[in-house]
Amino acid sequence: MSPRRTETGGRIDRLRTIRFTFDGAPYTGHAGDTLASALLANGVTLFGRSFKYHRPRGLLAAGVEEPNALVTVLRGAVREPNIPATMVEIYDGLVAVSQNRTPSLAWDVSAINQLGGKILSAGFYYKTFMGPVIGPLKGTRFWMFCEHFIRRAAGLGKAGTAPDPARYERMNAFCDVLVVGSGPAGLMAAKAAADQGARVILADLEANFGGSANWSGETIDDMPAADWAQRTVGQLEGNDNVRLLPRTTVWGYYDGNTLAALERVTDHKEGAAKGEPRQRYWAIRAGTVVLATGSFERPLVFPGNDRPGVMLAHAAERYAVEYGVLPGQRIALLTNNDSAYRSALALKKAGAAIVAIVDVRSDVSNDMRRLASEAEAELLDGHAVVATEGGKGLTGLKVQRFDAMSGALSGDERSIHADSLLMSGGWSPTIHLASQAGAKAEWNPARQAFLPPKSTQRGPNQQWIGAGAFTGSFSTAEAIAEGRAAGLQAAGGAASSAPLPVVEPTPGDPDPAPVFEIKAKGKSFVDFQHDVTAEDVRLAHREGFVSVEHLKRYTTLGMATDQGKNSNVPGLAIMAEALGKPIPEVGTTRFRPPYTAVSIGSLAAERFGDLKPERLTPMHDWHVANGARMYSAGLWYRPMIYGLAGETVEQAYVREAKATRESAGIVDVSTLGKIAVQGPDAAEFLDRVYTNMFSTLAVGKARYGLMLREDGLAFDDGTTWRLGEQKFLMTTTTANAGKVMQHLEYFLDVIWPELKVTVSSVTDEWAGAAIGGPNARAILASCVSGTAVDNASLPFMGIVHGRIAGIPVMICRLSFSGEMAFEVYSGAGYGTRVWEALIEAGKPFGLVTYGLEALGTMRIEKGHVTGAEIDGRTTARDLHLDWMLSKKKPFIGSAMMDREGLIAPDRLELVGLIALDNRPLNGGGHIVEKLDEANPHDSLGHITACCYSPALGKYIALALVKGGKGRHGTRAFVSDPLRNRFGPIEIVSNHFYDPDGSRMHG
């Protein structure tokens, strides 16, 4: 028998022995144990070292709120740090190590920090190292010297560097009712909603459903509460409309009733079965959410309250009842409320000796006195603990008479021998998810806690309902009643008159005395994880940090994995006293996601190893199979060149561009952004979005359009096709597709909600191929049916519908290259078939496939702008697109485009450049009037795009240059010192090729 394991009791399987190691030492536990309960059963009291002072720390809690016992779990070379030992289910072969200690947990040299005293008080890193002036260490230089050592000491556990071989999954789920928490309130809510036929998801972060019913020792419907909970779970399991998610933490509450959850699928197993992920990330979209998340017991603040052996009362009760483990043999309790008495009696029944109950109240009820007597405990009412004794474990404590009204201590100190001290400072509802949803917490003076707002005081978009301890209803009978009412309301059912489960009443008042701190000599900790003391909170007040948000950041109170679960209310109470204000006036911090730590692997899920998604066009496999060299263009993978054996990239794109200009070429343009704009006001909307008119565009025609940002700068360009009176297809640049979609949605949702228009991204619905060159029309005519493609039937910017290889296609005659060209769109699933049919038809004409390098070459020769020129700093006039600025209508950006700075004569304008030394030019190279290689200066502008032009037989570039048009025909120099490229250039028009458009228009 382990030193602290009870002979009977608990939900562990005593017939199964589990072997594991902690800090290299072997231990055993039983199936159902957590790492915390198994180590405690083996007599381990020292679990970790504190963040700043490296003080020895033991278990404080039994659940997710544990701040001290953070461990690193090792699976081979993979390390996962900062996991509460209370949430690690043991399995054969588990390897866990403690953190934040050198060389060992028992002997940590950094414990010398405890001698630092006030030097290491709150905000020490802001002040201590900003001087003094000692020799060369002047001002901030001393900080620079110390920073290295501080950063090495920061943090608790160390992240690993080995690749994680585990699988992760991502799931989307939809339900009518999501119930978070499976205590009595959550179980009743789930059952009531399920009985109404609603689709229900019940999620709980623990391995077993039931919440407090598993350890309360109460009786429900004449059976132990734990048995009642398991019976209810069994009833839910039999419903097809219920999904049960144990070991699942709902950690984020977002807009539209979307909640994020993390399911620990195999963390409790020695190894995953075939196909099992380690963890599963859930995105749950719920009609209504029932928050039955319970509450946390609060610690009390007094000297030595962090010593190993000092624990929360309900945590000790859980260890005894759920795991059959005693926190000690001689137990004392310190409380300001009645709930600790029930814990004392449960521990007594489990076999512990309760030596004393120290109650700060002097008016303890007769019922509580009776419970103290049943626990055979000495009741010291009107007393408080003023000190604890011991090194790496508790050996005793000191008590003194205490006045709860004034906080004054009096009389002599008395020593009590105990190896465990349990404290109960009242209960704080777990309102984190409600806070994330935007709820403003309200202070309840009776409960001495922040509660969620009542339904009548919540915003219209807060579609959640609270139940049980979450709302401050701490009795099981209230929780069951509220849970059923919440489930019925969430499912749209009427109130039920059916009898509720009968709960055997238990004595006790849930309201605590308003006592948070016992002021005595010694360090009194508020935040155990970050070594924030009561004096740190008062220091923050003295130094002017009166806002709770500033207090949090200056002292680190309630940050990191703790997120204020234990420390929030005591810290606010101490700050309120320092300010001389009531707690509600001081307020509380707003909780943010995640509620608990979330692994990056679960967020990445199936995209493990990728920093961004890979988007592939429908013809991607064809490109790869036919020798294309692929590279990423934003998120898309596109052919760069289709190189022949021995060709360089330049040789390949020159060949492809030359062949296109001489005969014909084809390029995959599926990546262009495509947005369907439809509705009675679609034409009006486009008039407002584009600088030029679209309401006058005829059905069956396309028009080139330019968009500006609200500040008057160029945003995006593309063509929009009118497919019907109220139906348009907008195309955008590949890179800006998402931004343009956001742009359109913003103006429809926020600025012009009265417009009857819908916009939908259809980029992935269409496969696109652009075929251009002198023979493009002949190739198209040879393979298309159902339509003619002659000049009369398909003029420039005209649209026709036909079939290629039996596949319906939509064809628009437009050009990006300066040649006669056509864009052919088909359904994405048929893209490769249409592509191959076009290539087969083009074989007699010498049709070539070309990639982005040739595409860029031909667009530079034509002088067409892209994102390199529309870079967020240029205007329509800078790009010589002012002919597109309508004078007949306002449009986005029209009010700002004529600002003085945007029409200044010295602005950078688009020009063409020709290298006079016949050497390649580089993007980003600067243009100067006088060459000074040793001291480059006086830039006139910069190169935006460059290439070798097969049409001109020269190296050319587009550039943005001051006074661009006025410099046509003049000479200057390129100055590129980073690449040691200097040389003469001629500034010319950006239209190098076919400036009159005769080839394009045919």
Side-chain angles (χ1 to χ4, degrees), residues 650 706 708-709 711-717 735 853 856-857 859-883 885 893 896-949 951-993 995:
E650 183 178 284
L706 175 69
L708 303 185
R709 300 187 321 205
D711 58 6
L713 295 174
F715 175 46
D716 195 68
D717 67 335
E853 291 296 318
T857 295
R859 80 94 178 171
I860 292 171
E861 290 176 335
K862 181 61 179 174
H864 198 104
V865 296
T866 64
E869 293 77 39
I870 305 178
D871 62 0
R873 297 174 293 180
T874 52
T875 69
R877 295 183 180 91
D878 298 337
L879 304 176
H880 312 308
L881 298 175
D882 43 316
W883 58 273
L885 302 176
M896 301 290 282
M897 67 180 186
D898 292 328
R899 286 177 293 160
E900 183 178 354
L902 298 188
I903 58 175
D906 61 345
R907 286 189 59 81
L908 302 183
E909 293 181 2
L910 183 64
V911 298
L913 304 179
I914 297 175
L916 297 180
D917 56 5
N918 201 30
R919 293 167 55 202
L921 299 167
N922 300 308
H926 285 265
I927 310 304
V928 296
E929 285 186 311
K930 296 182 179 180
L931 195 59
D932 186 348
E933 297 184 18
N935 182 31
H937 61 281
D938 294 338
S939 172
L940 298 175
H942 61 276
I943 295 172
T944 60
C946 50
C947 67
Y948 177 82
S949 168
L952 278 67
K954 300 175 182 178
Y955 286 102
I956 64 172
L958 295 178
L960 292 168
V961 174
K962 290 181 182 178
K965 270 190 177 180
R967 295 181 183 271
H968 285 183
T970 66
R971 295 192 175 190
F973 298 90
V974 60
S975 178
D976 190 355
L978 290 178
R979 286 162 287 200
N980 196 32
R981 170 67 170 100
F982 304 92
I985 50 95
E986 181 181 3
I987 300 175
V988 298
S989 166
N990 57 298
H991 297 298
F992 296 97
Y993 181 81

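Under the rule for a side chain to side chain contact (heavy atoms under 4.5 Å, CB included), the partners of Cys946 that lie at least two apart in sequence or sit in another chain are Leu921, Ile943, Ala957. Checked against side chain to side chain contact (heavy atoms under 4.5 Å, CB included), Ser939 has the following partners two or more places apart in sequence or in another chain: His926.
A heavy-atom distance below 4.5 Å is not found between the side chains of Ile956 and Leu913. Trp883 has its side chain out of reach of Leu706: every pair of non-hydrogen atoms, C-beta onward, lies at least 4.5 Å apart. The side-chain heavy atoms of His880 and Val865, taken from C-beta on, include no pair separated by under 4.5 Å. Under the 4.5 Å side-chain criterion, counting only non-hydrogen atoms from C-beta, Leu881 is not in contact with Thr875. Between Arg981 and Asp917, some side-chain heavy-atom pair lies under the 4.5 Å cut-off. When side chains are defined from C-beta on, Met896 does not count as touching Leu708, because their heavy atoms never get closer than 4.5 Å. Side-chain contact between Leu908 and Thr874 is absent, with no heavy-atom pair separated by less than 4.5 Å.
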| message | Using side chain to side chain contact (heavy atoms under 4.5 Å, CB included), reason through Ile870 and Phe715 one step at a time and then give a plain yes or no. | response | CA-CA 7 Å; Ile870 305 178; Phe715 175 46; 5.7 Å; no

| task | Just do the side chain to side chain contact (heavy atoms under 4.5 Å, CB included) check on Arg967 and Leu940 with the steps written out, would you? | result | CA-CA 11 Å; Arg967 295 181 183 271; Leu940 298 175; 3.7 Å; yes

| task | Check the pair Asp711, Arg899 against side chain to side chain contact (heavy atoms under 4.5 Å, CB included), reporting the backbone distance first and the verdict last. | result | CA-CA 9 Å; Asp711 58 6; Arg899 286 177 293 160; 3.7 Å; yes

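Using a cut-off of 4.0 Å between Lys/Arg side-chain N and Asp/Glu carboxylate O, Asp938 and Lys962 are scored as not salt-bridged. Salt bridge status for Glu869 with Arg859: present, with a side-chain N to carboxylate O gap under 4.0 Å.
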